[in-house]
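So you know, we letter chains A, B, ... as the sequences are listed, proteins then strands, and number each from 1.
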Amino acid sequence: MSDDLQADGDETPRESLFEAPPMGEQERMVEAILFASAEPVSVRDLNDRMPHGCDAAEALVHLRKRYEGRGVQVTKVGDAWAIRTAGDLGFLMQRETVEQRKLSRAAIETLAIIAYHQPCTRAEIEEIRGVAVSRGTIDQLLEMEWIRFGRRRMTPGRPVTFVVTQGFLDHFGLESARDLPGLAELRAAGLLESRALPSGAPQLGEGDVDLDEETDEGQSELFED
Amino acid sequence: MSDDLQADGDETPRESLFEAPPMGEQERMVEAILFASAEPVSVRDLNDRMPHGCDAAEALVHLRKRYEGRGVQVTKVGDAWAIRTAGDLGFLMQRETVEQRKLSRAAIETLAIIAYHQPCTRAEIEEIRGVAVSRGTIDQLLEMEWIRFGRRRMTPGRPVTFVVTQGFLDHFGLESARDLPGLAELRAAGLLESRALPSGAPQLGEGDVDLDEETDEGQSELFED
Amino acid sequence: MNDDPSLFDQPQTVEDRLAAEALVVDVDGFEGPLDLLLNMARTQKVDLRKISVLELSKQYLAFVEKAKELRIELAADYLVMAAWLAFLKSRLLLPPDPTEEGPSGEDLAAHLAFQLERLQAMRQAAAQLMARDQLGKDFFARGLPEEMTRVRKVTYTATLIDLMQGYARIRTRDEFRPFVMDRNNVFTMEEALDRLRGMIGFAGQWTDIQSYLPEGWDGDPVRWRSATAATFAASLQLVKEGHAEIKQSDLFAPIQMRRRESPRE
């Protein structure tokens, strides 16, 4: 599967100011570090841990190819990397299966809204769901480390925003928030736009009302983090 | 490095009474199980977890070969198997934080005495400093390779002597220890502040005694270690 | 608003009616009025984009009526929505009043349709998300992560200046040390002066200043040196003050001192 890699992987002498180890060695190092960690490791951390002059990003390209089709996979999680078992082998892992926390419908929808609309204020979540978001729902998602606070919106009241985390991406096997299922279609259908509410329409939920002005900004900021 | 494995690894068709998955698949399974398991897994457990008719022992042989020379190794732990970091990459599992500190005053003084008086016994150092020299101080200087053992003194007890090393000379940019400036030069260089004696204080010893402003500090330090 | 006869003339199947009744009874099962509207919209069995908002409004208002009949308490949100839908319905039914400001009935209806479609889309997205392979359920992280050991390595540095200052410090301290440390072995000039002042009155003859050394200071060389130096310095002081005379007959000869008979001016 990776015969072509062997050639340039192991022996190619690389010119470097710092006499970095050969790429084959760097690949081994990345392999060892990713195997050792249960959490995704950023390219920056990889480079920090490897000897001076190493190029973890390049080593990762080789390593990822090497594990294509294998029982474990080199997966990208945001700007970090992790090794995870292949999805089709989950059936072997009953013993490792962790009890998934049961999420309420409200929590699942809130999570989806944040993921697809991030950064997203509480008022926006309430506007979309047409009902107040309970504190417990947000707290639960924060506690699971699937969402975190984003930047405050620069609108009156400076409301906080929520964005999804690396842990969220890791949990759902997403390389980035851009890879959310159906994202492109939803956007094309205009369903991710925050449309101005015609005056007189009922404002449901009781959130800090900051709906109208922020909409444009909200879009440009989308998926920035 | 494992080109020879590619051939038999993935595709070899195997005859089995139970229509076991191909060996390549079995290898993937063993790989995933060993990876995800929190403990080493025995061949028996592997077979229990894999579909009927699988031969974990054989899959292990292939898998083990596949990981030969890689950053992680399939290793036997007791009668079970686990994936572990390759021995030569253990250094990657240590996060080394380098902290630069100034050498302690005791160490600097000890070093200075050795440099000015080498070869110099511990007793001589203590006599000059006026306080006992702790073992740690000498050890530290030895470990830094700024001093080393010189010839033993041909006096009763044959005490060891210390001399400064080439590393010391390199660090301080000296051709030899003889290049160290004398007291007069130190004074000329402003490193020794000449100060009028407090009136009435007796002037003992040689004429060129200078009481620099550090005296008080020096006194209190006498009882430091 | 209930005087609209069409509300009851709707061509609804029995199934739909039952469903509508079930909605009322099951009001707790809805996540707010928008959710309820979305459920009602499904009974229209059309694409949400083509939904009849007028129809939906009527259906919702009927629901609220029914709830009242059944004495089911509805949350405020549901009533706010009912009021708004009643307003929307009237806008949609009445010909537009050109003098009236604000959005038209069609605009409001379009927005409601958009809200429903968006909620529906988010529901689907949430379902798709949860249907994905999940960590710890379908794919797994390393079960036996290796601990990163933290090794703190301390390197020490010193400069040549540090070294020289250190050396200078010791040398100067060494010479200064007796002042504090060896007080027992130091005879100060003040002490010598006091002693000489008391004794000089009796010294009419030339006397070796050695004889003025205090008792016990002539044995140990260190003490002897200190006492001699202090006594000598004190004698010079007495000469300077005009109380004594001092002489030395030869190099290294004993230094002699006697009282000055007539103090100098």
Answer yes or no: does atom CD of Q73(A) have more than 12 heavy-atom neighbours from other residues, nucleotides or ligands under 6.0 Å? yes

So does R44(A) have more than 12 non-hydrogen atoms from other groups sitting under 6.0 Å from CZ?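 Not buried by this count: 12 neighbours or fewer within 6.0 Å.
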
R132(C) with D179(A): basic N within carboxylate O range, under 4.0 Å: no

Taking every non-hydrogen atom, the tightest pair across [X] and [Y]:
X       : Y       : answer
L186(A) : A125(C) : CD1-CB, 4.3 Å
L191(A) : A121(C) : CD1-CB, 3.7 Å
G32(C)  : V131(A) : CA-CG2, 4.0 Å

Contacting moiety of A189(A), where chain C heavy atoms sit under 4.5 Å: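 For A189(A), the contact with chain C is made by backbone and side chain together.
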
Relative to chain C, which segment of F35(A) carries a heavy atom at a distance below 4.5 Å: side chain, backbone, both, or neither? both

Would you compute the distance between atom [atom1] of [X] and atom [atom2] of [Y] and round it to the nearest 0.5 angstrom?
X       : Y       : atom1 : atom2 : value
R118(C) : E193(A) : CZ    : CD    : 10.0 Å
F172(A) : D138(C) : CZ    : CG    : 10.5 Å
H171(A) : L129(C) : NE2   : CG    : 8.5 Å
H117(A) : M122(C) : NE2   : CE    : 4.5 Å

With chain A, which of Q134(C), Q128(C), E117(C), M130(C) has the greatest number of heavy-atom pairs at distances under 4.5 Å?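 Going by pairs under 4.5 Å, I would pick Q134(C).
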
Donor-acceptor pairs under 3.5 Å, side chain of residues 77-85 of chain A to any protein atom, not counting sequence neighbours: which ones?
unit_1	atom_1	unit_2	atom_2	d
R84(A)	NE	D170(A)	OD1	3.1
R84(A)	NH1	A38(A)	O	3.2
R84(A)	NH2	A38(A)	O	3.0
R84(A)	NH2	D170(A)	OD1	3.2
R84(A)	NH2	D170(A)	OD2	2.7
T85(A)	OG1	F140(C)	N	2.8

What residue, out of T97(A), T75(A), I108(A), I128(A), has the most heavy-atom pairs lying under 4.5 Å from chain C? I128(A)

Most chain C-contacting option - heavy-atom pairs closer than 4.5 Å, from E109(A), E185(A), E96(A), E99(A): E109(A)

Salt bridge (charged side-chain N to carboxylate O under 4.0 Å, His left out) partners of R135(A), counting only residues at least two apart: D139(A)

